[in-house]
Structure formats: structure tokens, C-alpha cells
Amino acid sequence: MGKGFYISKPVGVLAVILGAGAVATIIALSVVYSQEKEKNINNNVSPTNEATTAPVTTTAPSNEPWDKYRLPKSLVPQSYKVTLWPRLTPDENGLYIFSGESTVEFECVEDTDLILIHSNKLNYNEQPNKHLAQLTALGGADAPSITESRLEPVTQYMVLRLGANLVKGSRYSLHTVFTGELADDLGGFYRSEYVEDGKTKVVATTQMQPTDARKAFPCFDEPALKATFNITLLHDNNTVALSNGRQLESGPFQQDDKWILRTVFEETPRMSTYLLAFIVSEFDYINNTVDDVLIRIFARKSAIAANQGEYALNKTGLILQFFEDYYNISYPLLKSDQIALPDFNAGAMENWGLITYRETALLYDPSFSSNSNKERVATIIAHELAHMWFGNLVTLDWWNDLWLNEGFASYVEYLGADKAEPDWNVKDLIVLNDVHRVFAIDALTSSHPLSSREEDIQKPAQISELFDAISYSKGASVLRMLSDFLTEDVFKAGLTSYLTKFKFGNAVYTDLWDHLQMAVNSSSLRLNNSVAEIMNTWVLQMGFPVVTINTTTGQVSQEHFLLDRDSDVTPSPLGYKWIVPINWMKNGTKQSATQWLQDKSATIDAMKTTEWVLANNNVTGYYRVNYDEANWERLLAVLGSNHERIPVINRAQLVDDAFNLARAKIISTELALRTTLYLKNERDYMPWESAINNLDFFYLMFDRSDVYGPLQVYLREQVRPLFEHYTNITRNWTTVPVGHMDQYTQVNTLSLACRTGLEQCQDLTTRWFSEWMNDNTKWIHPNLRLTVYCNAIAAGGDREWDFAWGKFQNSTIASEAEKLRSALACTKQPWLLNRYLEYTLDPQKIRKQDATSTIVYIANNVVGQSLVWDFVRARWSYIFTHASALTGTEVDLSPFPNLINGVTKRFSTAFELQQLQQFREDNAEVGFGSGALALNQSIERTEANIKWISENKPNVLQWLEQETKAY
């Protein structure tokens, strides 16, 4: 699944008032659910008169097979034939439904008198045997009779008890006829709506990962139970149908005295249920063919007509060719369809042959889309196409290994995007977007290891909880480190061997270690430890080390890095000791050999020196670095005198390491602040972005205190030379630089200058916005729009807000609507923010998929933070209950970690801690779903913030006042 699932990756675009580092979550928060829906399938009321509802159990769970969340090992599916008919208009009850029938052929591998098959929120027509399904033996034998059939809604099964055993080695088929609701809940087979030419159009589409294929048809819904699928869709005459396979035939078909279309698709390869997709829409498409692979981009007709799919079409072939070369395996299918959906709960989903995207992740319009929007399209396409092999061709056996699937795609997406846009240097951005980002989470005691025990991941909510920054970003970071010390050639050789061995099958993460080890053994590379021994230290325990280098003695040591070093941490069987690859430079010269730190400490003679030493070249290692005081001083001196002697990525590293080492009380906060003194001479994006992200913590801690004023003055003077630089080279902000990273720096410059109150910047942005309000033909460059919109709305009142709201409502460009939706949260008027909060409860105003991120945008505003906290506390039961109603008892509650973290990240007082603890206590019975971990992390973070402020506020204030005396 696309990244952005738990967070997006905005690169270089900062909402000024919201603060640097604010990130949008791209997970839907479905907080409103109509009364009609609450009384239909969830309450076992049939959406049509023809369907019957099976009895459901209401007794307490037992140790019976149907009370366990994992399927028994007795049955293995071979193939499915599924026909579905989605109705794109409501019935007499106002409900959108779909009807279908399914036949699954399976083999019995252990004698059993029980069939369990996943089913969730489906109603079944009674079969001739008076039960929910009809069982047939294949090969001429008689099938046992079904003696009992019922549904188990908690564990999401159809339960069929048999009068006799199914026989080991025999094959059977199970036929069902069913109906379900084509709800707007963003899961399973669901409904998306949009307006085009003044008419509301409906799309029937899917999102199966991780456990929602069972909402579309009864199936063995576990990733290891691969089968082939034969999909047929019945659909209205003015619509087009898509699925994983190529279309075999399509033509008129009479159903229930109505002539419609019937489209049949070719059989899929063996694949997992979570990768299925089928879509019915009125979309249009563009296409080309690359190396005999048909590539098509589908979207709303108006979006295709406006050429918004051209960029994706042009880059998909290049990226596919790159991955064919990278894996040394041909693309496994004959087509690659990609479709942009108005309503989608993730950034994108890697359905084999039919990848689904949010519109902002696939469509690009140079008149409205910024360079960060363009990068998002390229990287997410690369992420999803990487999965076509790693995840789809070879699938992890169970969800506890999700980190390897998503972490790998999150790493190689940068490689694929670099192939598509070689001038961007996009590979470097993994350090900011993934490594530094996940360090902040992995430094908490409430973090968790990459690998989970299979028995600990059973329920759908437990599976959903794995889709977090640890799985995606830490997974990407440690795999990048692995590729670096193995060398890319050895890494790729191991991947090819792994994918070839397990193609069309399943594997566990240790299988990859085995194949990488074979590649190592076949190369000239020599490691003192096996791949498994090295990588298990990074995979089986949470956290990461800080490596401390003493240039006086040459001693190098490691310890578990925690933001709060006094906190209690869960013991690790490995003792929080890592096998650490250390590469480094001395006085600007890279040292050739990687040094391995296997113990808590060791001596490296070459590091005993009076020259400056910098470790972790290009931040390929997943660790922080600390130095003795003398070396820190030498590094600060180099930054101040000739900063370009230090590579740009490592300048970003020095800032990030210093600020986080200071938060952990390993070095002084004043030393960390001193790493920013040189920024007035810095022109590169990555160090500035690192500094802004870290200083955002200072804003969060101090924007309600007397430190705020001196902080503003200091940063305003640091950014002033950069603002003047861009004023000159862009002809007073009328053009943009050519370089990708330079464009990001320009955005950061305008953002920070306006944020810190630089008058020239504020005058510029308010004037541009005013001119736009008075003349819609006035054009603001897409790169700068978010900053301009945000500042003008913050400086204005309801007139500016209402104008932007009208533009948002009427926008047909997803990326433009996203900028406006973010900027609307910048107002300083509490009543406007409260009104905006209320809009998040109305899906006619804010789409369900955008509700969470909108609330978080408002919370990022210092004026809105307390309003959001009151809003969430007062409505938690409602929010939680109504979101739960969408997908059942054990649901994907992935919006809630983002919501809880976003609302509480500014908390830094004893009173706020008390409120947070009270919130947890008051809602213990209601629950927090997969937000429970985020709530505990928020409490831990608040406790650390309180301590940090008490220990650092006086010194920070004194340092800032001293540095700003001359201003």
C-alpha cells in the first residue's frame, strides 16, 4: 500500500501558520454515517427483499475454531469464479447495493467436518439445501450434506457444519449467492462519488487490504491462501468495468428483465485476496504500450480531458523498465492499469494489474500542481510498481511480516523515481522523509520492533496497527543500510534469487536473509557475521543506537537512544546491542573500509585524531552519532567557515542529530542551537529542512510563552539573507529556480520568512492573494500557493476565508483543493476554526477521507489546538462509534493514531498531561482501537516535553536573547 497511509510525505511545502513539519494524514476518518446505513447490514437487515440473513451467534467466545481469527489449515483454495453487479443508483430505501454469486474450488488437506470461510456484512440467498451455501464434490464423489450454516460477525466467518468429513486430497466447490451494501465506507467493495457536468456520478470500487475482500464476496481471506480468480462484472451501459486481468469479452446481457453490460476478465495468476480489484465507472483513459505491456491511466473524464494523466502515463513505462532491470525479472502481467479515485482511504494500493490511487497521488496539472505534487506522483507510482514483484509476485506469508513488504517498497520507490527524474537527486530525500522522521518515533519506549510474532497479530485491528511509520520508514531505512553494506549488486542478486524461488507463492522475511546470504557467498564480499545475524539486531528489537566517537582516545561506543533516558524500557533479548556498520570521513576525506561495531564499545585507532571526524556518510546507517566536545567544536568551526566541505546530507544529519541528542540530554541544547548559526550562509534544501523540522519542536513548546518573541527574531535574521537571495535570483519572486531542490528551498524561504514576521514576505503574500481575489486571472505559481494562501488567510478575516472556501468547493483539481483545504486552517479567528471543525462532520463539505487531516491541520494552528482538543474529547465516543460502524466490530481504525498524535503534539504542561490521562480513563470502555498505542506515545511524549521545558527554557531564552542583541 502506498505510503501516506499513516502520513503523507510533503516535501518542502510548509503551511506557514500551521508550522514546519506539519504532515497531512491520508487516512480517511469516517465520522458520519447515515441513519439508514446504521439500520441495514450491521443490524442484519437485508438490503433487498430477495436475500435472507443467517442467524448470528451472540454467546461469549469459546475455543471453537470459529472463535479464532485465523483459519484452520484444513482447506486450501484453488480458484474462484465471482460475478458481481454493483447498482450505481439507490434502491427504494435509498441504499446502494451490489449482488453477486461466487464459486470457490478448494482442496481438503486435512479431514474435517467444518468449513470456515471469511464473510463480513454480506447477506446470503437461501440455497436449494435451505442453507447459505451449496457444497459440491469435484471428481464424481458425493459431497457431505450441510447440517448447519450461520455467520460469525466477530471473527467474520461463514460457518458450515457438515454431516460427514471432507476427505483429505479431494476437491470441492462452494457456491453462494449474496448481496451487500455498496457503502461509502472506503473498504471492501464501496462507493465513491463526484460531481461532473453538474451531475453526481458514482464509482463502484475496491480496497481489500488488509482484510476487506470478505466484504465483497466469501473468501479465504489470508495472504498465504493464494488462488486464481475469474471475475465477471455486470454493469450499466454507460460505464466501463475494470479488474486485475485483461478484458476477454464485453457485451449486452439481460438480467432481471433489464439489458446491461457483462464484462468477463481473464483469469488472474495465483494471488492473494487482498490484491483483488474491480471497478465500475464512467471514467475515461489514456494509454500507450511499452515492451508489450499495455499501460492505461483512468480518471474522471474532465481530468483526462485536461491532460492530468499525461505525466503518470509518461513515467510509468520508465519505472516499469527500471524495476524489470532491478529485479532481473520481466513484469509478470500484460497490462498495468492505474486509476485515480475521488474517494480513497490510502495514498495508493498495489492491486495486481489495477493500481488504485488518490487523485493527488496520480494526477498532475502543471498549472495547479507544485513540484512536490509532481514528486509525490513519481514516488508513489514507483512504490506501487515495486510491489508488482515484491509483495504481489512473492507475498509475505502473514501480516506480521508487513514491514518487509512496505519497507522494501518505501526504499526502492526512491530508486524508481530517480530513474523517472534523474535530475532531482530524489534518492537523498529518504534521509529527511523516512530516516529522520521515524527516528522520532523509534526513540520512544512505546516503539516496537519491526518484526512481530505471528501469534500476536491475529485480529483485523492488530493487522491494521502494523501500517505505521515503523513498518514503512524504519523498514525502508534498515533495508537501505543493508543494500549499502552489501553493495547494490549483491543486494539485487539476492532479491532476484528470492523472487525467482518463491514466485506466485509466499515467504517469510528470513527467506530473504537466506537468499541475500547466498548472494554474499557467491561474491567477493566478506562479512564477519551472517546477514541474518546482522539484520536480526535491527529487526527483532525496537529502537536504534547512538554511536559515540571519542577522537581523543579512539573509543567508539553504542547505547540505545531514547529521548527520555530515564524512562523504563521493555527488555530486549538482544540487550539493545546492534551490529553497526560505521563509515566515516576525516577532515573531509572518506575512509574506505566500513568498521563494524559489534560490542558496546571498541577502539578504532584511526579515529584518534585532532582533525575533524564525521561518521555515517550520507546517513546510510540507521543510527545517530555523538562526538566528544572537541570534535563537536571542530565540526561547528567547519560549518561556520566552509560548510560545503561537509556533504549536504551530513549537514542535515548534524543538525538533526544535535537537536535530538540535546533532547535526550546527551549534549547541551545550546550546542544544538549553535548548529543553526551558519544557516545564514546555507543555500541547500536538506540542511534548511532539517533545521526547520527540528525548530518546529521549539515552536510547539514555546509559541505560548515568552520564548516565542526572541525565537522569531533569531530565525527571521537567519532566513533574511536567503530571502534576499531568492528575491534577487527570481526577479522579485516572479519566477522559480530550475533545480528541484532549489524550488523546495524557495518555498521554505518564503514560508519561514512569513512565519517569522518578515515584513517584505507578509506584504508580498497578502498582496498576491488580494489581487487574486479581485481578478481570478492573476496567477500564483503552484509551488508558492500553499504559503501564499495560508499567510493571507491568517492575516485576513472571514472575507478571505470565505473566498478560499468557495475556491475549495469549486476546485476540480485535487492538488489545488488540497492546498486550499490546508490553508483554510491557518486563520487566527477562533469562530472560523470552530466552523471549519464542524464541516469535518459533514461529508458533503469535507470528504470522509480528508476529515482526519483537516482536524490535524487545525490543531497545528496554535489558535486552533485547544479548540480541536475540546472537539475531540467531547465527541470521542461519537467519532469512535461511527467510524467503527463502517467496517464491523474489529475495524481498521488507522485514522486514530494520526488524529491523536496530531492533536496532542503541542502538549507540554502538567495540566495537559492530566487532561490526556483523564481522556484515556474516561474513554476506556469506548476504546481507542489502533489509536491506543498513539495515545500511550502521546502521554510519554507529553511527560518528556514537560521535563524538557523545565530543564531548557531558561537556557534557550538566554541564548536567543544573547544572539539577538544586535538585531
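Only this structure's heavy atoms are used, side chains among them; waters, hydrogens and symmetry mates stay out. What you are looking at is a predicted structure, and each value in this text was computed from that prediction instead of being measured.
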Least distance between heavy atoms, [X] atom then [Y] atom:
| X | Y | result |
| --- | --- | --- |
| Val280 | Pro86 | CG2-CG, 3.9 Å |
| Lys778 | Trp772 | O-CD1, 3.5 Å |
| Thr379 | Glu413 | O-CB, 3.5 Å |
| Thr206 | Ala277 | OG1-CA, 3.2 Å |

Open item on the list: So for atom OH, which belongs to Tyr285, do other residues, nucleotides or ligands contribute more than 12 heavy atoms lying within a distance under 6.0 Å?
Closed with: no
Is it true that [Y] and [X] share a donor-acceptor pair across their side chains at a distance under 3.5 Å?
| X | Y | result |
| --- | --- | --- |
| Glu196 | Ser302 | yes |
| Ser370 | Asn373 | yes |
| Asn748 | Glu689 | yes |
| Asp343 | Ser192 | yes |
| Asp434 | Tyr414 | yes |
| His740 | Glu375 | yes |
| Glu350 | His383 | no |

Look only at the side chain of [X] and the backbone of [Y], and say whether a donor-acceptor pair between them is shorter than 3.5 Å.
| X | Y | value |
| --- | --- | --- |
| Gln746 | Thr735 | yes |
| Gln743 | Pro737 | yes |
| Ser811 | Phe808 | no |
| Thr239 | His235 | no |
| Asp775 | Thr777 | yes |
| Lys335 | Gly353 | yes |
| Lys845 | Tyr839 | no |
| Lys819 | Phe368 | yes |
| Ser243 | Ile231 | no |
| Lys419 | Leu318 | no |

Applying side-chain contact (heavy atoms from CB on, under 4.5 Å) between [X] and each of [options], report the one that passes.
| X | options | answer |
| --- | --- | --- |
| Leu784 | Leu764, Thr730, Leu750 | Leu750 |
| Phe344 | Thr205, Thr360, Ile339, Thr356 | Thr356 |
| Ile297 | Asn314, Leu313, Asn287, Asp284 | Leu313 |

Within the structure provided, determine whether [X] and [Y] are in side-chain contact (heavy-atom separation under 4.5 Å).
| X | Y | answer |
| --- | --- | --- |
| Asp365 | Gln308 | yes |
| Tyr789 | Leu820 | yes |
| Ile855 | Leu899 | yes |
| Tyr357 | Ile381 | yes |
| Tyr96 | Asp91 | no |
| Tyr190 | Asp212 | no |
| Lys258 | Asp236 | yes |
| Pro210 | Tyr274 | no |

Open item on the list: Can you tell me which residue among Arg821, Lys807, Arg785 is in a side-chain hydrogen bond (donor to acceptor under 3.5 Å, both in side chains) with Glu816?
Closed with: Arg785
Between [X] and [Y], does the ring centroid distance fall short of 6.0 Å?
| X | Y | answer |
| --- | --- | --- |
| Phe298 | Phe283 | no |
| Tyr836 | Trp831 | no |
| Trp801 | Trp805 | yes |

Task: Evaluation steps, salt bridge (Lys or Arg N to Asp or Glu O under 4.0 Å), between Asp798 and Arg835 - done: CA-CA 11 Å; Asp798 58 337; Arg835 185 173 75 177; over 6 Å; no
Task: Worked check of side-chain contact (heavy atoms from CB on, under 4.5 Å) between Glu282 and Tyr194 - done: CA-CA 11 Å; Glu282 295 182 41; Tyr194 64 100; 4.2 Å; yes
Task: Test salt bridge (Lys or Arg N to Asp or Glu O under 4.0 Å) applied to Asp850 and Arg358, step by step - done: CA-CA 11 Å; Asp850 297 324; Arg358 276 198 177 197; 3.2 Å; yes
- [ ] Go through the steps for Arg300 and Lys201 under the test side-chain contact (heavy atoms from CB on, under 4.5 Å), then give the verdict.
- [x] CA-CA 10 Å; Arg300 293 174 290 108; Lys201 304 292 182 72; over 6 Å; no
- [ ] Hey, could you give me the CG/CD1 distance between Asn244 and Ile279, rounded to the nearest 0.5 Å?
- [x] 9.0 Å
TODO: First locate atom CZ of Arg191, then atom CZ of Phe98, and finally report the distance between them rounded to the nearest 0.5 Å.
DONE: 12.5 Å
TODO: Mark yes or no: Arg87 above the aromatic ring of Trp85, with NZ or CZ under 6.0 Å from the six-membered ring centre and no more than 45 degrees from the axis.
DONE: yes
TODO: Start with the C-alpha gap between Lys215 and Phe189, add the side-chain angles, then the distance that decides, and say whether side-chain contact (heavy atoms from CB on, under 4.5 Å) holds.
DONE: CA-CA 7 Å; Lys215 289 178 64 183; Phe189 201 16; over 6 Å; no
Open item on the list: Under the criterion side-chain contact (heavy atoms from CB on, under 4.5 Å), I'd like the reasoning laid out for Leu867 against Leu837: C-alpha separation, chi angles, the key distance, then a yes or no.
Closed with: CA-CA 9 Å; Leu867 302 177; Leu837 275 173; 4.2 Å; yes
Open item on the list: Before you tell me yes or no, could you show the steps for Glu838 and Arg875 under salt bridge (Lys or Arg N to Asp or Glu O under 4.0 Å), namely the whole-Å CA-CA distance, both residues' side-chain angles and the distance that decides it to 0.1 Å?
Closed with: CA-CA 11 Å; Glu838 293 297 327; Arg875 297 172 183 264; 3.0 Å; yes
- [ ] Assign the ring pair Phe467 / Tyr472 to parallel, tilted or perpendicular, where the plane angle (0 to 90°) is split at 30° and 60°.
- [x] tilted
- [ ] Any chance you could lay out the salt bridge (Lys or Arg N to Asp or Glu O under 4.0 Å) test for Lys301 and Asp197, step after step, and finish with the verdict?
- [x] CA-CA 10 Å; Lys301 289 180 178 178; Asp197 298 328; over 6 Å; no
